[in-house]
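Below is one structure, written out as C-alpha cells; comments come after it.
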Amino acid sequence: MQYHFDGFRPGDPRIAPETDGAGDRPADVDVLIIGCGPAGLTLAAQLSAFPDIVTRIAERKSGPLEIGQADGIACRSMEMFQAFGFANRVMEEAYWVNETVFWAPGEGGKGLVRADRIQDVADDLSEMPHTILSQARVHDFYLDIMRHGPRRLTPDYDRHLAALERTDDPDYPVTARFDGPDGAQESIRARYVVGCDGARSVVRSSLGYALKGDAARQLWGVMDILAVTDFPDIRLKAAIRSASSGSILIIPREGGTMVRMYVELDELHGDERAADRNVTAEMLIGKAQAILAPYTLDVKDVAWCSAYEIGQRVCDSFDDLGTGSREGCTPRIFIAGDACHTHSPKAGQGMNVSMADTFNLGWKLAAVLRGQASADLLHTYSGERRAKAQELIDFDRDMARLFSSKSNDPDSSAQFQQYFQKHGRYTAGVEARYEPSMIVREGNQALAWGLPIGMRFHSAPVIRLADAKPMQLGHAILADGRWRLVAFAGQGDMGGLEGGIARLCTTLETSPDSPLRLYTPEGADIDAVIDLRAVFQADHRDMDVGALPGLLTPPKGRFGLHDYEKAFCPDLKTGPDIFDLRGIDRGQGALVIVRPDQFVAAILPLDDLAGLTAFFAPFMLPKG
C-alpha cells in the first residue's frame, strides 16, 4: 500500500479521509444503483473511491445478506478482489478448491466408484486460487470498502423501486421513486441509473425488456449442511452421477466442516414451477442419501436450503438504447447481473459474471463523470458484457445437459469429465476476451504473445526494484480507475539515457502529443489518469534506481515525495521469468496498454508515440 504522499496520517490507511458531504443522502446523484447483490456492491465499491462522484445504492431488503446464495469465487474474481484490496481476507477464510473428483456407477451400475481425480486450476492459469466463500462475506468486504471511502457510502435498505422514468432534465435525466419504511416515499434524480436488482428486475421491466431463452424444466435443490458421512471425498469438490437416483455436485464450504450439495430432482411438468413442489430439507436429504448409496449421510444441521429451476436467459441489450441506432445518443440506464442474464449455479459463474459486469461498467462511468472520457465510452458496456453473457448461456446449457444426463454409459460420464477439464480456463474466468472496439485495438501481438489483446492482463512474479520486494506485477493494477502503460524493456536496457525506456519517458514527458500531457489535469500527479510502469530484463541487484528516468520515480502529493514503486525486474528465483512466461520480445520490448478493469487494450512498440496517441484520441477528453 502507498500513503503519506500528502503528509503523515495515523490509523488504518484503508480508511480514506472524509470528503465534504460524507454520509449525506442527497436527492440528486451522479449514479443511482438499484440492488445490493454482488453486481451492485462491486459497482458501489468502485465508485466509492472517487470523492467527486455522488453515489447512492438502494436495496428492497431490510438489511445485508446473511446466508445462502452463491459461494464459488473464480480465479479471475480473486484477481479483481486483489485490485480492491481484500483478496487476502477471502483467501484466509475460504475453502480452496485444489482438486476435483468424479464419481460414477460401478460395474453393472452398482454402487459408486471414483472415475477420476484432477487438479482444479491448471498451472500458471492464475496466481490466485479458486475459492469457496459465502456470498454474504463477499458483500461484507465490499460494504467495508464503501463505508471506508471518502464519501462513507452505505446502502439505503427497505427501499422498493416504484417507478423509473427518463425525463427532459439536462442534468439529471432519470428519476426514481421509492417506497420506503413506514410508508415513506422518496424521489431521487440521477445522471445514470444501474439496475442490479435480480432476475425479477424492476429496472429491466421499466425498460420494457424481457429475459429471452430456454424455459426451465430441470429442478435442482441446494443445501448447506453439517453432516457425518463415510463418503471419502466429502472435503473435495465432487461431481457424482448415480445409476438411477440422479446426480449431486458437492462443494466443500469454508470452516472445515460444512458442505454444499446441489441435488438433482425430478423434471418439472407443464406449467409447474419450483415453488409448486414445496421442496423441503428433508426431501433433499433423502434424495442425497439415495444418490450417495452405499455411502451413508447423517445430516446434523441444515444451515440453508432452496430449490431452483435450470434455465438460460439473456436480454437483447444491457442499456436503455436497445438494439437500434446509437448515434448521437447517450445511455442513461443500465442493467447488470441477474437483471440481464440468468443460468444454473453449478458452473459457479453467476456471482462471478455479475461482478465482472459492473467492474467493466464502473470505471467507464467514473471516467465520463470526471470529464476524462466522452460519453461514447459507455456504449462499449452493453456490447462487451452481453457477448460474455451469451457465451455463459451457451456454456451453461451444455454443462447442465451433460451433468443431468440419464445415460449410464461410461462414455457419457467420460464426456462430462472431458468437458469439465476442457473448459477449466472458462470456469476460472480467465478466458473472457473482448472484441476489437474503441478500447481494444489489435496489432503487434507478437511483441507480447502471452498477453492476448482483449483478455485480462495475466500477472507474473517480479521483483520491485527499489525495495527488492517479490510480488505479482498484476497486483500493481488497483481498482482506482487509472489506465496503465506497462513498458517491457528491450535487451540490455538498464534504464539509462540511451535505452528505450528512457526515450519513452522523455517522449511522454515532453511531447505535446503525449497522452500524459494531453489528459493529466493541471496540478494533478503525473500518474493521476495514466500510470506508467516499467519491467527490465536485468537482475534487480544489477540495476541502479538512481539511474532511472524521472518518470519512473516521479514526485507526487503535497510534499513532492518520490514514488519508488514503478520499476520492476524478473523474479529469477521462482523459475521462468516474466519475459519468458508472457512471451515478451526480448530484443524490442513492448508497451502494453492495460484498461482500468485489468484487460489488455493494445500492444505497441516502445517508440510508437503516434500509435499511443491514436489509441486514446477517440474517447479521451483533453484536460480542461
Side-chain angles (χ1 to χ4, degrees), residues 30-32 43 46-47 50 52-53 55 166-174 190-195 207 209 315-336 340 356-389 432-443 453-454 481-485 513-516 518-521 528-530 593-602 604 610-624:
D30 294 315
V31 181
L32 173 62
L43 180 58
Q46 172 79 94
L47 296 177
F50 307 106
D52 49 344
I53 294 178
T55 304
R166 287 283 299 257
T167 71
D168 295 329
D169 189 307
D171 296 319
Y172 298 96
V174 188
R191 301 186 195 277
Y192 300 98
V193 170
V194 185
L207 297 177
Y209 294 170
C315 276
D316 290 334
S317 176
F318 288 9
D319 64 32
D320 58 345
L321 298 186
T323 57
S325 173
R326 292 174 167 262
E327 187 174 354
C329 300
T330 297
R332 293 288 181 173
I333 303 172
F334 305 86
I335 48 178
C340 46
D357 284 348
T358 47
F359 195 41
N360 178 291
L361 177 61
W363 68 270
K364 297 174 182 177
L365 283 170
V368 172
L369 286 165
R370 305 180 84 201
Q372 296 173 351
S374 73
D376 289 345
L377 179 63
L378 299 176
H379 293 297
T380 63
Y381 166 69
S382 183
E384 288 187 336
R385 293 311 301 169
R386 193 195 179 282
K388 298 306 107 184
R433 187 168 195 165
Y434 294 133
E435 295 299 316
S437 68
M438 70 167 63
I439 51 174
V440 176
R441 307 288 178 82
E442 293 184 318
I453 297 167
R482 293 188 293 169
W483 288 82
R484 263 77 188 188
L485 303 180
D513 295 328
S514 163
L516 271 64
L518 289 171
Y519 307 123
T520 304
V529 178
I530 301 173
I593 305 176
V594 184
R595 299 177 359 170
D597 57 358
Q598 303 176 316
F599 278 76
V600 177
L604 300 170
L612 184 62
T613 303
F615 174 83
F616 287 106
F619 61 92
M620 292 289 280
L621 297 177
K623 59 189 177 186

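Between Phe334 and Phe318 the shortest side-chain heavy-atom distance does not fall below 4.5 Å. The side-chain heavy atoms of Glu442 and Pro436, taken from C-beta on, include a pair separated by under 4.5 Å. Residues Ile335 and Cys315 have side chains in contact (heavy-atom distance under 4.5 Å, counting atoms from C-beta outward).
Distance check: Leu369 CG to Ile53 CD1 gives 5.0 Å after rounding to the nearest 0.5 Å. Here the OG1-CZ distance, from Thr167 to Arg332, works out to 9.5 Å after rounding to the nearest 0.5 Å. For the atom pair CH2 (Trp363) and CD (Gln372), the distance works out to 10.5 Å, reported to the nearest 0.5 Å. Atom CG of Asp513 and atom CG of Leu612 lie 10.0 Å apart (nearest 0.5 Å). Atom CG of Asp376 and atom CG of Leu621 lie 9.5 Å apart (nearest 0.5 Å).
Between Asp320 and Arg166, at least one side-chain N (NZ, or NE/NH1/NH2) sits under 4.0 Å from a carboxylate O, which counts as a salt bridge.
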Derivation of the side-chain contact (heavy atoms from CB on, under 4.5 Å) call for Lys623 and Tyr519: CA-CA 5 Å; Lys623 59 189 177 186; Tyr519 307 123; over 6 Å; no
Residues Tyr192, Asp30; criterion side-chain contact (heavy atoms from CB on, under 4.5 Å); working and verdict: CA-CA 6 Å; Tyr192 300 98; Asp30 294 315; 6.0 Å; no
Evaluation steps, side-chain contact (heavy atoms from CB on, under 4.5 Å), between Asp52 and Arg370: CA-CA 8 Å; Asp52 49 344; Arg370 305 180 84 201; 3.1 Å; yes
Check against side-chain contact (heavy atoms from CB on, under 4.5 Å), Leu485 and Ile593: CA-CA 5 Å; Leu485 303 180; Ile593 305 176; 3.9 Å; yes
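Nearest heavy-atom pair, Lys388 versus Ala432, reported as atom, atom and distance to 0.1 Å: CD-CB, 4.0 Å. The heavy-atom pair separating Ala366 from Phe50 by the smallest distance is CB-CE1, 3.5 Å. Here the shortest heavy-atom pairing between Cys340 and Asp357 reads SG-OD2, 4.4 Å. The heavy-atom pair separating Tyr209 from Gly322 by the smallest distance is OH-N, 3.1 Å. When every heavy atom of Leu47 is checked against every heavy atom of Gly362, the shortest pair comes out as CD2-O, 3.8 Å. In terms of heavy atoms, Gly611 sits closest to Leu604 at C-CD1, 3.7 Å.
Listed by chain and number, the residues in a salt bridge (charged side-chain N to carboxylate O under 4.0 Å, His left out) with Arg595 are Glu384, Asp597 (sequence neighbours excluded). Under the side-chain contact (heavy atoms from CB on, under 4.5 Å) criterion, Ala375 pairs with Thr330, Val368, sequence neighbours left out. Residues meeting the salt bridge (charged side-chain N to carboxylate O under 4.0 Å, His left out) test with Arg441, sequence neighbours left out: none. Checked against salt bridge (charged side-chain N to carboxylate O under 4.0 Å, His left out), Asp169 has the following partners two or more places apart in sequence or in another chain: Arg189. Every residue two or more places apart in sequence or in another chain that forms a side-chain contact (heavy atoms from CB on, under 4.5 Å) with Ala190 is listed here: Val29, Leu32, Val193. Applying the side-chain contact (heavy atoms from CB on, under 4.5 Å) rule to Leu321 yields the partners Asp319, Arg326, Cys329, Pro331, His379; only residues at least two apart in sequence or on another chain are considered.
Looking only at distances, a side-chain donor or acceptor of Arg191 sits under 3.5 Å from a matching main-chain atom of Asp171. Using modelled atom types, one side-chain atom of Arg386 and one backbone atom of Asp316 make a donor-acceptor pair closer than 3.5 Å. Distance alone, capped at 3.5 Å, places no donor-acceptor pair between the Ser317 side chain and the Thr323 backbone.
Relative orientation of the Trp483 and Phe616 rings is perpendicular, given thresholds of 30° and 60° on the angle between their planes. Between Phe599 and Tyr434, the ring planes lie tilted relative to each other; the angle falls in the 30° to 60° range.
Remark: the Lys364 side chain and the Thr380 side chain contain an N/O donor-acceptor pair separated by less than 3.5 Å.
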